[in-house]
Number of protein chains: 2
Amino acid sequence: MKGLGELERSIMDILWAENAPLTAREVGRLIEDRDLAPTTVMTVLDRLSRKGFLTRTRDGRAWRYQPAASRDAYVAELMLEALDMTGDRDAALTRFARAVSGSEAEILLKALTELEEE
Amino acid sequence: MKGLGELERSIMDILWAENAPLTAREVGRLIEDRDLAPTTVMTVLDRLSRKGFLTRTRDGRAWRYQPAASRDAYVAELMLEALDMTGDRDAALTRFARAVSGSEAEILLKALTELEEE
DNA sequence: CTCACCTCTCTACAGGACGTAGTACTACCC
DNA sequence: GGGTAGTACTACGTCCTGTAGAGAGGTGAG
């Protein structure tokens with residue numbers, strides 16, 4: 001999986017936040033801070049769907065875009081990818097476990113113990 | 001933190017594997033597969049140290065390079081960085097926990113419970 | 001019907017990162 | 001003193017990303 005650029009991520013953030021599939025125009029409207037040309041938004045949406053991050057379906061002559069995967073799935077995949085980079089996964093995992101803050105450690109712990117119970 | 005290119009990562013891998021600081025020539029000798037010009041290796045080592053991934057110290061006229069952080073630390077940091085990207089860290093963590101394979105889940109679990117005991 | 005407009009697709013371009021390497025200069029060994 | 005090793009500086013092609021214009025084709029208002 002490739003990483004995302006800054007604008008690409010902003011746009012993914014918008015689509016992840018929204019629950020409905022959006023058109024390019026709607027996405028453009030939701031990026032207030034930057035004053036982007038409509039074609040810019042379209043181009044980025046197009047690239048994102050070509051990269052597999054977005055799915056699009058026709059709505060009249062417009063496309064509606066929506067994330068192919070949830071943000072959580074994306075983040076988890078990034079984390080696994082990082083983990084794959086190391087020779088010693090155990091060491092990396094241990095270090096990671098120590099680095100997460102307390103409340104998050106609890107979340108992890110809970111998710112893991114639930115797994116075991118299944 | 002920025003990501004690494006492919007050659008950059010190969011070189012980091014070599015330096016992470018070796019325990020001693022290496023010179024450019026030594027690194028070059030350890031990359032057999034590719035037939036790289038010595039200057040290529042030097043350039044990449046230089047960029048890596050400028051990016052903060054390597055530390056270098058003089059050894060006569062040559063530089064000796066060594067990783068600024070362990071690979072595990074790097075991997076853990078990448079994972080945390082991915083985690084920072086999400087709005088809902090708990091969801092991402094939960095998903096991550098489900099995605100790691102059984103033996104790794106145990107490693108994580110162990111590291112986490114050890115944390116609690118401290 | 002016609003014109004303004006929306007949306008699409010295609011094409012383009014600049015800047016940065018990275019892989020790759022040459023050149024020029026210095027210091028050292030034999 | 002010439003080959004060797006090492007450095008610093010410069011360079012260039014490629015790919016990715018941000019950014020956007022041009023042109024085509026449908027669509028609603030008047």
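Side chains included, hydrogens not; waters and symmetry mates left out as well; all remaining heavy atoms used.
B:Thr43 contributes a side-chain N or O that forms a donor-acceptor pair with the base of C:dA21 under 3.5 Å. Residue B:Thr39 places a side-chain atom within donor-acceptor reach of the base of C:dG22, judged by atom type and a 3.5 Å distance cut-off alone.
What separates CZ of A:Arg29 from C1' of C:dT7 is a distance of 13 Å, to the nearest Å. The nearest whole Å value for the distance from the CG atom in B:Asp46 to the C1' atom in C:dT20 is 15 Å. Between the CD atom of B:Glu6 and the P atom of C:dC18 there is a distance of 12 Å, given to the nearest Å. When rounded to the nearest whole Å, the span between CG of B:Leu45 and C1' of C:dC18 equals 14 Å. In this entry the distance linking CG of B:Leu36 with P of C:dT20 reads 6 Å, nearest Å. Residue A:Arg64 contributes atom CZ, which lies 10 Å from atom P of C:dT7 at whole-angstrom precision. In this structure, the CZ atom of A:Arg58 is 12 Å from the P atom of D:dG26, given to the nearest Å. Atom CE in B:Met42 sits roughly 19 Å away from atom P in D:dA11 (whole-Å rounding).
Closest to the side chain of A:Arg25, out of C:dT9, C:dC6, D:dT7, is C:dC6. Proximity note for B:Arg34 (side chain, C-beta onward) versus C:dT20, D:dG6, C:dC8: the nearest is C:dT20.
Contact between B:Ser10 and B:Arg34 at its shortest, heavy atoms only, is OG-NH2, 3.4 Å. The two residues B:Leu78 and A:Ala82 come nearest to each other via the heavy atoms CB-CB, 3.7 Å. Shown here for A:Arg98 and B:Leu115, the closest heavy-atom pair between the two residues is CA-CD1, 3.9 Å.
Side-chain nitrogen and oxygen atoms of A:Lys51 include at least one within less than 4.0 Å of the OP1 or OP2 phosphate oxygen of D:dT17. Dashed line: the shortest gap from a side-chain N or O of A:Thr40 to OP1 or OP2 of D:dA20 is under 4.0 Å.
Summary of the strand contacts: B:Arg61 and A:Arg9 both lie near DNA chain D, and taking for each the nucleotide with the nearest heavy atom, the more 5' one is attributed to B:Arg61.
Residue contacts for A:Arg47: at a heavy-atom cut-off of 4.0 Å it reaches a base atom on one of the strands shown. Using a 4.0 Å heavy-atom distance criterion, A:Gly3 is classed as a sugar-phosphate-only contact.
Annotation: A:Lys51, atom NZ; neighbour count of heavy atoms from other residues, nucleotides and ligands within 6.0 Å is above 12. Other residues, nucleotides and ligands place no more than 12 heavy atoms under 6.0 Å from the CG atom of A:Asp35.
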